[in-house]
*Asks:* 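The structure's right below; bear with me while I get my questions together.
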Number of protein chains: 2
Amino acid sequence: MASTAPHLPTQPDTSLPGESRKQREIRLREARILAVARDQILEGGYLGLNMDRIAAQIEYSKGTIYQHFRNKEEILLALVNDALNTRLRMFRAAAAFEGPDRVRLATIGAAAEAFVEHYPYHFKVEQIVRAASIWEKTSPERRQLMQTCEHSCMGTVVEIVHGGVASGDLTLPEGVRPEEVVFGMWSIYLGVQIISHSSDTLADIGIDSPSRSLRLNQNRMLDGYGWRPLSDDFDYSGHMDRVKQQIFRHDQFSQ
Amino acid sequence: MASTAPHLPTQPDTSLPGESRKQREIRLREARILAVARDQILEGGYLGLNMDRIAAQIEYSKGTIYQHFRNKEEILLALVNDALNTRLRMFRAAAAFEGPDRVRLATIGAAAEAFVEHYPYHFKVEQIVRAASIWEKTSPERRQLMQTCEHSCMGTVVEIVHGGVASGDLTLPEGVRPEEVVFGMWSIYLGVQIISHSSDTLADIGIDSPSRSLRLNQNRMLDGYGWRPLSDDFDYSGHMDRVKQQIFRHDQFSQ
DNA sequence: ATACCTTATTGACTATCCGTCAGAAACGAC
DNA sequence: GTCGTTTCTGACGGATAGTCAATAAGGTAT
């Protein structure tokens, strides 16, 4: 069963402090629901997610699932939130790196890459949530959670750009705000992920390695803003590889 | 009804040469189906698209719809193809512009912007098609059509980058292919469109004008590659505004 | 140990919606 | 007008989301 796959959004099987047996059972069951749901989505997208089949796989009745999640859409959003929380932790760890601000930003880039590798299903789910007017069917609490998380992610990165401006490494043109630079990085990242997760003819188009192109283009954009050290003067790619190996290799961020 | 909205993917009501009354009726009916479907998707996404309701709105029975489209998903793909064909025509018109290659590329950017304004619903539909494992349910012919169209779009732009390299305005680093530059432009464009079409809190994050940021960041990326004239030495934004007004203002591209 | 109350679980049931297809209606040739 | 052909129809079958009354399990007081 795929529930033994790595990088599951599950909680550890150990008990949490001040938690009854019952509560633990419920928590573990919820994790199993999410794991099973994730597999079904990977298999057949939104339409592949089937409540009856989830029930059969976790060996509980369908009614029990609805005690955890108001509806199908809430399961999707729970998966997204789980991933986004992890990403936020990874970004914060990356932001704690000490060095020139542009290098710190590259460290965030490494975190973003590691995140994709930790949660290879995430962009599929996020895209479904963004597209299928699933949004409106979910509870405001979960929506709020997701927005807060995205906000904080953005904030973490914006702070680094501010740092670059403060240190004099980066001089933004008149009227350009740090948020716009982050928006650019985010756009490229999201665009690349969506294209590579939904186009099986990338190689035909002439893109052999989307992640290589991602790094390249993000770096060129920052070069375009004149943020020093320029990518010709510093081996950002080597730095990112190193950071990924040293900081983001283990599963310590899977919660 | 919204079927009177501008920029419909409809064919003109006039007859085509060598077309019988019956054939014309069928063609017009198909256009009505697409127009009605588009409205339903805009209203409620993939789940808002309802075959019974389409039937009621076009005042034919459900069975008749299935004479035009094998299934629901084919309708989505038809909408996408319609839009992509138009985009290709717009891109080709833009590529015909004479001037420095980077200015020609900016003209393509103007076309891309005009396209978004002509087909404000397109990215919602494209996202659904990319996400919801709808792909597998559609006919190979239509899929092929879509891929060919994307291919040609890409090719049109790649040619301009090649031109830039040939003229000496752009010197690509060792091992970087023109396709990767286009991939970067495409990523930013797609990322921005998806974020702005599915996030209603952009202003909170600090992005007042996504399209302004799009232009800015694309230009900075090209600056990073050192493609002359740099965006500080040429008013690309002014050029794009002019082109949009002069070339892409009218509906001549709605077919 | 038992009776009684509370909470958790179940799965049959309803509602919705996609896609089909046998029959009805319209069309056209003669 | 008749008959063969094409087009159209909408009731039906099947799949699946979500509900809820009935049932089982768990906990507590006596």
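As the structure is a computational prediction, the values presented were derived from the model and not from experiment.
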*Asks:* Whether B:Lys72 engages the ring of B:Tyr46 as a cation-pi pair (distance to the six-membered ring centre under 6.0 angstrom, angle to the ring normal within 45°) should be assessed.
*Replies:* yes
*Asks:* In this structure, is the centre-to-centre distance between the rings of A:Phe123 and A:Tyr189 below 6.0 Å?
*Replies:* yes
*Asks:* Roughly how many Å is it from CD in A:Glu74 to C1' in D:dA17, rounded to a whole number?
*Replies:* 15 Å
*Asks:* Just N and O in the side chain of B:Arg29: are any of them under 4.0 Å from OP1 or OP2 of D:dC8?
*Replies:* yes
*Asks:* Please determine whether a side-chain nitrogen or oxygen atom of B:Tyr66 lies at a distance below 4.0 Å from atom OP1 or OP2 of C:dG19.
*Replies:* yes
*Asks:* Would you mind reading off the distance between A:Phe69 atom CZ and D:dT19 atom C1', rounded to a whole angstrom?
*Replies:* 19 Å
*Asks:* Do B:Cys149 and B:Arg87 have side chains that approach each other closer than 4.5 Å (heavy atoms only, starting at C-beta)?
*Replies:* no
*Asks:* B:Asn50 side chain N/O closer than 4.0 Å to the phosphate oxygens (OP1, OP2) of C:dT16?
*Replies:* no
*Asks:* Contact class for B:Leu49 (heavy atom, under 4.0 Å): base, sugar-phosphate, or nothing?
*Replies:* sugar-phosphate
*Asks:* About how many Å separate CZ of A:Arg89 and CG of A:Leu84, when rounded to the nearest 0.5 Å?
*Replies:* 11.5 Å
*Asks:* If each of A:Arg70 and A:Arg53 is mapped to the nucleotide of DNA chain D with the nearest heavy atom, which maps nearer the 5' terminus, i.e. the 5' end?
*Replies:* A:Arg53
*Asks:* Counting heavy atoms from C-beta on, name the nucleotide in D:dA17, C:dT20, D:dG18 closest to the side chain of A:Glu73.
*Replies:* D:dG18
*Asks:* Given atom CG of B:Asn71 and atom P of C:dC17, what is their separation to the nearest angstrom?
*Replies:* 17 Å
*Asks:* Considering every strand and a 4.0 Å limit on heavy-atom distances, what is the contact class for B:Glu59: base, sugar-phosphate, or nothing?
*Replies:* nothing
*Asks:* Check the pair B:Ile26, B:Arg29 against side-chain contact (heavy atoms from CB on, under 4.5 Å), reporting the backbone distance first and the verdict last.
*Replies:* CA-CA 5 Å; B:Ile26 290 176; B:Arg29 189 169 59 199; 4.1 Å; yes
*Asks:* Which nucleotide, C:dG11, D:dA11, D:dT9, lies nearest any side-chain atom of B:Thr64?
*Replies:* D:dT9
*Asks:* Given C:dG19, C:dT10, D:dC8, which nucleotide is nearest the side-chain atoms of A:Ser61?
*Replies:* C:dT10
*Asks:* Has the side chain of B:Lys72 got a donor or acceptor that lies under 3.5 Å from a partner of the other kind on the base of C:dG19?
*Replies:* no
*Asks:* Between B:Gln67 and D:dT7, is there a contact of a side-chain N or O with OP1 or OP2 at under 4.0 Å?
*Replies:* no
*Asks:* In this structure, how many angstroms lie between the P atom of D:dA17 and the CD1 atom of A:Ile65, rounded?
*Replies:* 10 Å
